[in-house]
Amino acid sequence: MKSLIRVIFIFIILVGFGLFYKVHLTLFSNHQNEPAIQPFFIPNIKAPNNEAPNNEATREIRPEEILHQGNGIFFIETTDRMEPPHVVMCAVESAARIYPTRPIAFFMKGLPKINTVEDENKAKIKFPSFSSYDNIYLFPLKLEEIFSNTPLLPWYKKVNTNNENDWTKVSSDASRLALIWKYGGIYMDTDIISVRPIPLKNFVAAESNDIYSNSVFGSLPHHSFTSKGMEDFVQNYNGAILGHQGPDLFARILKKFFCALPGFKYTEDVRCGNITLTNPDRFYPIAGPSWKKFYEVLDEYRPFPSSYALHLFDHANQGQYNLVPGSKTMVDHLYRQYCPYTYVTVLLKNRSSH
């Protein structure tokens with residue numbers, strides 16, 4: 001009961017702060033060259049309505065129904081945590097803002113069953129920064145269902161998860177392949193902030209000339225890349241080697257079935273069979289070893305004109321650095337512009353702890 005009251009209280013504060021934010025928007029943009037920040041309330045965002053009409057509330061809701069057009073944006077949480085860190089919330093919210101007409105599907109292992117719209121609305125109450133986006137959908141991560149009718153199901157039934165070094169990563173690598181193969185769309189890690197729409201359907205993101213990331217990729221349903229990826233996942237499975245089922249698998253499939261990985265010149269993307277290999281600048285203008293730059297104070301924020309999204313490398317951060325609202329770090333600018341609800345939630349939390 002206390003947690004419900006706390007969530008309602010936070011939402012009321014968010015709404016009030018949102019109105020204040022809209023009226024005093026100029027207070028958040030102190031530099032003439034800084035990109036204009038979108039108002040806190042925009043046409044594609046609406047206040048949550050958890051009291052849906054009876055016929056709507058009982059309507060069945062399934063991934064196949066929401067994702068059948070092949071244009072979903074996918075996020076995965078393979079741990080049981082139900083209070084994700086704010087970087088996860090920002091990643092999902094930024095995608096909802098950048099892709100307002102596309103379904104944002106967040107599969108979470110810790111979620112209970114969601115069978116109806118009413119179940120969906122109740123689940124969203126736990127995530128105030130999601131509640132005002134009608135294109136965010138929460139689904140339980142049920143691995144046996146996700147792997148059904150794929151080469152991954154026999155492997156999943158045989159693998160001893162207790163003997164795996166990092167089952168959360170391995171199961172995430174497998175899940176993203178199966179989901180994109182089944183439904184089509186774009187997969188993103190939960191520390192990737194969307195900044196503009198990706199205009200590609202079949203693509204793999206390069207971190208460099210030698211590294212091809214599985215942190216963000218996209219394809220049409222039943223594409224040969226994801227099909228071959230699942231087959232290789234099972235045939236060459238080795239969960240003890242970091243990256244073997246992820247970036248290394250992507251490189252193996254590309255080289256074996258699509259192209260010789262020609263590398264990049266300047267800032268252009270390159271074709272690899274029927275897949276586009278995106279230039280590192282598209283998602284990695286700040287490379288992994290330089291991830292601390294996201295937390296450096298900037299005299300002036302300069303956007304990334306060639307990038308579709310930015311990978312914050314939260315796995316390297318490990319909680320060393322956090323968003324400090326008003327700090328004028330790069331991450332401060334990114335949150336304010338691309339995930340304002342999450343930004344306000346962090347701001348209020350910080351104020352209440354003082």
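Each residue takes its place number in the sequence, starting with 1.
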If we ignore angles and hydrogens, is there a donor and acceptor under 3.5 Å between the side chains of [X] and [Y]?
X	Y	answer
Thr150	Lys182	no
Arg196	Tyr308	no
Asn274	Asn202	no
Arg282	Ser306	no

**Item:** Contact check, side chains of Phe203 and Phe283, non-hydrogen atoms, under 4.5 Å
**Value:**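 Side chain of Phe203 against side chain of Phe283, heavy atoms only: contact under 4.5 Å found.
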
Should the ring pair [X] and [Y] be called parallel, tilted or perpendicular, given that the plane angle runs from 0 to 90° and is split at 30 and 60?
X	Y	value
Phe130	Phe106	perpendicular
His311	Phe313	parallel
Trp155	Phe233	perpendicular

**Request:** Check whether more than 12 heavy atoms from other residues, nucleotides or ligands sit under 6.0 Å from atom NZ of Lys293, and answer yes or no.
**Result:**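 Counting other residues, nucleotides and ligands, NZ of Lys293 stays at 12 neighbours or fewer.
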
**Message:** Is it the case that the ring center of Phe250 lies less than 6.0 angstrom away from the ring center of Tyr212?
**Reply:**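 Between Tyr212 and Phe250, the centre distance exceeds or equals 6.0 Å.
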
**Request:** Measure centre to centre between the rings of Trp181 and His223, then say whether the value is under 6.0 Å.
**Result:**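 Ring centroids of Trp181 and His223 are no less than 6.0 Å from each other.
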
**Message:** Walk me through whether Ser175 and Asp173 qualify under side chain to side chain donor-acceptor pair (under 3.5 Å).
**Reply:** CA-CA 6 Å; Ser175 297; Asp173 288 337; over 6 Å; no

**Message:** Test side chain to side chain donor-acceptor pair (under 3.5 Å) on Tyr335 and His86; report intermediate values, then the result.
**Reply:** CA-CA 10 Å; Tyr335 273 55; His86 57 73; 2.9 Å; yes

**Message:** What verdict does the side chain to side chain donor-acceptor pair (under 3.5 Å) test give for Tyr137 and Glu120, after you've listed the backbone C-alpha separation in whole Å, the side-chain angles of each residue and the deciding distance to 0.1 Å?
**Reply:** CA-CA 7 Å; Tyr137 297 89; Glu120 175 82 10; over 6 Å; no

